[in-house]
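Each chain gets a letter, A, B and so on, in the order the sequences are listed, and its residues count up from 1. None of the values given here were measured: they were computed from a predicted structure.
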Amino acid sequence: MTRTSSNRRDVRTSGPGRGRLQGVPVLLVPAADGGTVQHLAGNGTPTGDRTPLDTALTAARPETRWVWADTAQCYPQLLAAGGRVGRCHDLALTEALLLGYDGRWGRPRSVAAAWSRLHDLPVPDDVDPGEATAEPTLFEPVRSALPAGVDPVSAVAAVYADQLRRIAATEDPGRFSLLVAAESAGALAAFEMTATGLPWSAEVHAAKLTELLGARTSAGVRPARLVELSALIDAAFEGRRTNPDSPADVLAAFTAAGRRIESTRSWVLRKVDHPAVEPLLAYKKLARIHAANGWAWQERWVREGRFRPEYVPGGVVSGRWATRGGGGLQIPKVLRGAVRATLGHILVVADAGQLEPRLLAALSEDPGMATAAQAEDMYAAIAARSFGGDRARAKVGLLGAMYGQVGGQAAAPLAVLRQEYPAALRLLEEAARTGEDGGLVRSHLGRTCPPVGDDWVRTGPAARARGRFTRNFVVQATAAEWALTWLAVVRSQLTTLDAAELVFFAHDELVVHAPAEASEQVVRILYDGALEAGRLLFGSTPVRFPLDVSTVGCYADAG
DNA sequence: ACAGACCGCGCC
DNA sequence: AAAGGGCGCGGTCTGT
């Protein structure tokens, strides 16, 4: 195993894992009478104290931390019953992080599985949440898979204590604790946001669809505008009936028209001189809106004025979230006019600009790059310093370095960067080499990339592809943990405001819906949170994490 | 009829 | 301008 972060800095003095994200653990305990919670000591052993569940929910201090099997199983029910939890330790997410740290990716991560591994017993498969019992109780997922006779409370306590030991045995327990706290807080936020939903005007959305596509049609029937464009495409191909949704058919049509193209990607088509290109590009754009975010989508995903994406925290290997259905992280720009604050409210939209290059600067501690990362526009600062002010070249070079591009336009800027920012480029190239050799790389806080499969061979394209993946992983995964930490801090501070709700999170962007009179406080919380996230991850670093913040009535007006 | 691969494009 | 990282989704196409 190869570490990629050299020049380690001790961040413990600045207190990751000991600050706002940590608290006194409380353990939930199942009971036939509707539930009690059992208290845990700091090392995970039960103290014997018990409190009724509803009392615990209403009387919990903000620093109370709930230790439970799986936020996905426990929290939606609590939220539906009006409960809300400040902090938690999610045993399943933490188990996945710890297994990954040891290079044991994809093993079952449930409490039952962890408990069984702890006792050298056969490990049960994880239960798909979709296949869980019809009326799950808070602890059903724990109880059902544990061997008969094993007390679920003891199992949770034992796994929790074991995880604390394993965290303490990592290379930097302070960092890993912060990762666990942020991952767990993120899971709370994810299920809260699914319950809350993003304010979505079905009327505005429908009006936009009609403007773009024509009147609504029944399912399976192409709207008027698509029919027209399809006819124009046929005409341009001199009557040849062409299915614009079929890349193979479009390719054949161009071949018949004497135009040899290697694919039907829109940027390839744009270079082709043929009358079918224009209607084809228009068709593809609109057909995409119709298929992915049309009337059927609205019917399925928008209810009571809210779009409710189902977030999957930890759904991406880099620690980014995924969504399940509805394409929640891909709301097209042309439809963002439908995201509207309700009466008397505003949306505060904040996104962290140029996050990945800034994290590269912080990770590598490259002096020149760190200086550039103090600027509001980091690409411009790099350009001024090293590219004679040519911002486009600076950006292409930096992105190419982080994504593993070697040729094309990026080649020359890359050589400049290697000369001027050697520590930053070395970090990336070391990560790539580790990946090509089949090794593991980690994020700043210790999230670890998946190992190679059994059938992996250290040859040509496969090795280079893995090198690009691990090269990008160190940056993308660290960006994801910065953003998660930001989210966690903002979430906890927003509880000080009445009726301010987090409604959207997408990789490096947060949207808060709040009463108009609270807007300035929300803005302050977002900025303070970004500052705090940088401090928690890196202690004192010259790197800044500037935000673009807009206070708007409509998402389309942000930015 | 259904499953899975591939394609292309939306987002970051 | 179009090479390189991560996704979800809906379309077609191919194989069973």
Side-chain angles (χ1 to χ4, degrees), chain A residues 219-220 222 226 242-252 261-271 280-281 283-294 296-297 300-301 309-312 314-336 351-357 359-360 392-393 395-414 428 431-432 435 441 443 447 449-450 461 464-480 482-483 504-510 555 559:
Chain A
R222 283 206 289 219
L226 292 182
T242 305
N243 178 0
D245 290 320
S246 165
D249 201 24
V250 170
L251 214 57
I261 53 177
E262 69 268 29
S263 79
T264 62
R265 290 184 177 89
S266 55
W267 62 264
V268 172
L269 292 180
R270 253 183 276 279
K271 295 185 303 190
L280 195 49
L281 290 173
Y283 179 94
K284 284 158 81 90
K285 202 165 204 60
L286 293 176
R288 160 94 200 165
I289 297 289
H290 179 237
N293 296 96
W297 176 90
R300 167 78 178 81
W301 292 102
E310 292 171 20
Y311 295 100
V312 186
V316 179
V317 292
S318 65
R320 284 180 171 184
W321 293 3
T323 53
R324 186 165 31 225
L329 296 177
Q330 300 142 255
I331 301 168
K333 294 224 156 106
V334 302
L335 294 183
R336 292 186 179 185
D351 74 279
Q354 306 170 344
L355 192 52
E356 295 190 353
L359 286 161
L360 173 60
R393 282 187 75 217
K395 184 175 176 177
V396 164
L398 208 43
L399 290 174
M402 291 187 296
Y403 288 155
Q405 184 182 1
V406 289
Q409 291 193 348
L414 274 171
L428 293 169
V441 297
S443 71
R447 190 187 302 271
C449 77
R464 282 195 295 278
R466 189 155 191 282
R468 287 193 298 273
F469 166 64
T470 51
R471 168 197 292 266
N472 185 253
F473 181 93
V474 292
V475 179
Q476 186 183 121
T478 304
W482 182 93
F504 191 63
F505 173 61
H507 311 311
D508 61 357
E509 179 179 8
L510 274 173
Y555 193 17

Please lay out, stage by stage, how A:R320 and A:E356 fare under the test salt bridge (charged side-chain N to carboxylate O under 4.0 Å, His left out).
CA-CA 13 Å; A:R320 284 180 171 184; A:E356 295 190 353; 3.7 Å; yes
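Atom CZ in A:R265 sits about 13 Å away from atom P in B:dG10, given to the nearest Å. Taking atom OH on A:Y311 and atom C1' on C:dG8, their separation rounds to 14 Å, with Å as the unit. The distance from atom CD of A:E310 to atom C1' of C:dC7 is 17 Å, rounded to the nearest whole Å. When the P atom of C:dA2 is taken as reference, atom CG of A:L281 falls 16 Å away, rounded to whole Å. For A:H290 and C:dG10, the NE2 to C1' distance is 12 Å, given to the nearest whole Å. Protein atom CH2 of A:W267 is 13 Å distant from nucleotide atom P of C:dA1, rounded to whole Å. Taking atom CG on A:L399 and atom P on C:dA2, their separation rounds to 16 Å, with Å as the unit. C:dG5 atom P lies 13 Å from atom CD of A:E356, rounded to whole Å.
Distances were taken from every side-chain heavy atom of A:T323 (C-beta onward) to each of C:dG8, B:dC11, C:dG5; the shortest belongs to C:dG8. Closest contact between the side chain of A:D245 and the listed nucleotides C:dG11, B:dC7, C:dC9 involves C:dG11. When distances run from any side-chain atom of A:A291 to the nucleotides C:dG10, B:dC11, C:dG5, the shortest one goes to C:dG10. In this structure, the nucleotide among B:dG8, C:dC13, C:dG8 sitting nearest to the side chain of A:T264 is B:dG8. For A:V316, the listed nucleotide lying nearest its side chain is C:dC7; candidates were C:dG5, C:dC7, B:dG10. Among the nucleotides C:dA1, B:dC12, C:dG6, the one closest to the side chain of A:D508 is B:dC12. Nearest nucleotide to the side chain of A:H507, out of C:dG6, C:dG8, C:dG4: C:dG6. Comparing B:dC11, C:dT12, C:dG5 by their nearest atom to the side chain of A:R336 picks out B:dC11. Considering only side-chain atoms of A:S246, the nucleotide from B:dC12, C:dT12, C:dC7 that sits closest is C:dT12.
Nearer to the 5' terminus of DNA chain C, by closest-nucleotide assignment, is the contact made by A:K271 (compared with the other of A:K271 and A:G327). Nearer to the 5' terminus of DNA chain C, by closest-nucleotide assignment, is the contact made by A:R320 (compared with the other of A:G315 and A:R320).
Atom NZ of A:K395 is surrounded by 12 or fewer heavy atoms from other residues, nucleotides or ligands within 6.0 Å.
Listed for the A:Q405 side chain is a donor-acceptor partner under 3.5 Å among the backbone atoms of A:G407.
Under 3.5 Å, the side chain of A:Q330 and the base of C:dG8 form at least one donor-acceptor pair of N or O atoms.
Close to B:dC9, at under 4.0 Å from its OP1 or OP2, lies a side-chain N or O of A:S266. The side chain of A:K285 places no N or O atom within less than 4.0 Å of a non-bridging phosphate oxygen (OP1 or OP2) of B:dG8. Between A:S318 and the phosphate of C:dG6, there is no side-chain N or O to OP1/OP2 separation shorter than 4.0 Å.
Within the 4.5 Å cutoff, no side-chain heavy atoms of A:V250 are placed close to those of A:D245.
One distance of note links CZ of A:F504 with OH of A:Y311; it measures 5.0 Å at 0.5 Å rounding.
Using a 4.0 Å heavy-atom criterion, one finds that A:R468 contacts the sugar-phosphate atoms exclusively. No engagement by A:G407 is indicated, since no non-hydrogen atom pair under 4.0 Å with the nucleic acid exists. Nucleic acid contact class of A:I331 (heavy atoms, under 4.0 Å, all strands): sugar-phosphate only. In this structure, A:R466 reaches neither bases nor backbone, as no heavy-atom distance under 4.0 Å exists between it and the strands shown. Counting any heavy atom pair closer than 4.0 Å across all strands shown, A:K284 reaches sugar-phosphate atoms only and no base atom.
Residues A:A401 and A:L428 come closest through the heavy atom pair O-CD1, 3.6 Å.
The aromatic ring of A:Y403 sits over the base of C:dG5, with ring centres less than 5.5 Å apart and planes inclined by under 30°.
A:Y283 and A:R222 share a donor-acceptor pair across their side chains, judged by distance under 3.5 Å alone.
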